[in-house]
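Below is one structure, written out as structure tokens; comments come after it.
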Amino acid sequence: MKHLLSPLDMNVDELENLLDLAKDISLDPKKYSHYCDGKKLATLFYEPSTRTRLSFEAAMLNLGGSVLGFSSADSSSAAKGESVSDTIRVISCYADICAMRHPKEGAPMVAASKSGIPVINAGDGGHQHPTQTLTDLMTIRELKGSLDNFTIGLCGDLKFGRTVHSLINSLIRYKNVKFILISPKELRVPDYIRDDVLKGNNIEFEEVEKLEDVMPQLDILYMTRVQKERFFSEDEYVRMKNFYILDKSKMEMAKPDMYVLHPLPRVNEISVEVDDDPRAAYFKQAQYGVYVRMALILTLLGLN
Ligand code: NCD
């Protein structure tokens with residue numbers, strides 16, 4: 001049985017197959033509308049979510065399957081003190097596959113070790129978010145034609161932003177991808193990303209504070225929100241939250257084919273005036289999220 005707990009659970013070939021399948025689905029979603037007839041997806045969300053949970057649900061419904069689950073810890077037996085291990089043992093009797101989001105790093109891994117069904121990590125604390133990474137990879141591949149040879153700027157909360165950690169982990173496996181990490185000192189990537197993932201694999205990267213300085217070099221700009229819920233003090237969050245605001249004047253400094261991605265939700269880090277720029281790709285990215293999750297469900301259930 002296969003799970004998806006980290007983006008590295010799939011090698012580059014497996015990823016390519018999955019992205020090819022997602023692409024095929026995007027061209028004709030109706031072709032796949034009965035692949036999961038009679039199958040059930042459980043969405044176990046112990047933390048808030050809009051896109052991830054609903055795109056998983058949409059994905060399963062598009063495949064002809066059904067969904068069940070909960071969308072907050074207090075509406076589940078976690079509120080009574082049930083462990084994740086016990087919950088997943090029970091859910092394994094009710095569903096064929098499950099997507100789990102949890103505020104504690106590693107919770108989906110614990111669940112997978114006791115599970116009778118494939119477990120998908122839909123975000124664990126400030127750690128990883130592999131299905132957002134699949135979405136990001138599909139978006140980059142669709143926009144740029146390949147996952148090799150580009151410079152990506154990752155901007156904002158690189159410390160707590162789990163989508164950033166998963167994306168860096170994945171992209172280092174492709175050829176000639178250069179990273180520019182743009183953040184205030186306080187929100188730089190965790191040491192394990194800098195030392196083990198980037199330096200440890202001889203990947204070209206730099207860390208800068210000012211977005212303006214690097215804008216002309218970028219092929220992709222990956223914006224992120226400051227992760228309010230992971231801060232220890234409100235004052236600290238307030239000091240950081242307006243650090244970066246991408247607006248029209250900054251977009252003018254960028255290449256004509258530099259695309260802007262954002263996992264969403266956006267707070268104020270991308271001004272709404274940028275939405276009409278043809279290089280703003282974040283809403284398209286959200287649409288790709290449904291196709292990759294359809295492809296992932298099919299792959300983990302062995303129905304592809
Ligand atoms: C992200 C997450 O949950 O980490 N959202 C998402 O799944 N698209 C990003 C975020 O919350 O900032």
Side-chain angles (χ1 to χ4, degrees), residues 4-7 22 41 43-60 69-73 98-108 119-140 152-171 181-184 187 189-190 193 220-231 237 240-246 259-270 275 280-294 296-297:
L4 184 73
L5 302 172
S6 134
L41 164 78
T43 52
L44 314 181
F45 277 62
Y46 296 82
E47 241 194 9
S49 167
T50 303
R51 258 152 304 274
T52 306
R53 186 170 60 83
L54 296 182
S55 66
F56 262 115
E57 297 194 0
M60 191 48 149
F70 52 82
S71 56
S72 76
C98 98
M100 175 183 284
R101 169 169 290 190
H102 203 287
K104 280 213 183 94
E105 282 87 0
V119 175
I120 300 167
N121 177 1
D124 60 326
H127 187 218
Q128 300 276 353
H129 193 344
T131 64
Q132 181 62 45
T133 295
L134 298 179
T135 306
D136 302 339
L137 296 179
M138 178 171 186
T139 308
I140 297 171
I152 181 168
L154 297 122
C155 177
D157 187 347
L158 310 186
K159 179 180 182 184
F160 296 116
R162 54 194 172 195
T163 65
V164 168
H165 308 155
S166 289
L167 186 57
I168 294 175
N169 255 304
S170 268
L171 282 178
L181 308 175
I182 309 149
S183 72
L187 299 178
V189 289
I193 296 280
I220 299 278
L221 172 59
Y222 192 92
M223 293 296 295
T224 61
R225 120 189 120 85
V226 177
Q227 305 278 301
K228 181 176 186 202
E229 66 277 31
R230 313 224 188 270
F231 275 72
Y237 168 70
M240 293 291 134
K241 77 176 175 124
N242 296 326
F243 211 93
Y244 299 106
I245 297 184
L246 180 65
Y259 291 101
V260 182
L261 274 63
H262 190 307
L264 302 179
R266 148 177 66 185
V267 183
N268 61 346
E269 58 282 352
I270 302 179
D275 296 358
Y282 28 94
F283 292 114
K284 198 180 276 175
Q285 189 181 355
Q287 172 67 63
Y288 290 141
V290 177
Y291 303 134
V292 285
R293 289 183 174 96
M294 290 169 75
L296 178 65
I297 292 170

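For ligands, and for the atoms within them, numbers begin at 1 and follow the listed sequence.
The protein heavy atom nearest to atom 4 (O) of ligand 1 is R162 NE, 2.8 Å. The protein atom (non-hydrogen) at minimum distance from atom 5 (N) of ligand 1 is L264 O, 3.0 Å.
An N or O contact shorter than 3.5 Å is missing between E229 and ligand 1 by distance. Considering backbone and side-chain N/O atoms, R225 comes within less than 3.5 Å of an N/O atom of ligand 1.
Contact annotation: E47 has no heavy atom less than 4.0 Å from any atom of ligand 1. Ligand 1 lies nowhere less than 4.0 angstrom from a heavy atom belonging to A122.
Side-chain contact annotation: D136 with Q132, donor-acceptor N/O pair under 3.5 Å present. In summary, the side chains of H262 and R225 do not present any donor paired with an acceptor at a separation below 3.5 Å, with no hydrogens or angles considered. Checked by atom type, the side-chain pair Y222/T163 shows a donor-acceptor distance below 3.5 Å.
In summary, the atoms of ligand 1 found under 4.0 Å from a heavy atom of T52, numbered by their order in the structure, are 6 (C), 7 (O).
Looking at R53, H129, R230 and measuring to atom 7 (O) of ligand 1, the nearest heavy atom belongs to H129.
Applying the side chain to side chain donor-acceptor pair (under 3.5 Å) criterion to D275, with sequence neighbours excluded, gives R266, Y282. R53 pairs by the salt bridge (charged side-chain N to carboxylate O under 4.0 Å, His left out) definition with E57, not counting sequence neighbours.
A salt bridge is defined here as a Lys NZ or Arg NE, NH1 or NH2 lying under 4.0 Å from an Asp or Glu carboxylate O, and R162 with E229 fails to meet this definition.
At a heavy-atom cutoff of 4.0 Å, ligand 1 is contacted by no atom of T224, backbone or side chain.
The CZ atom of F243 lies 9.5 Å from the SG atom of C155; values are rounded to the nearest 0.5 Å.
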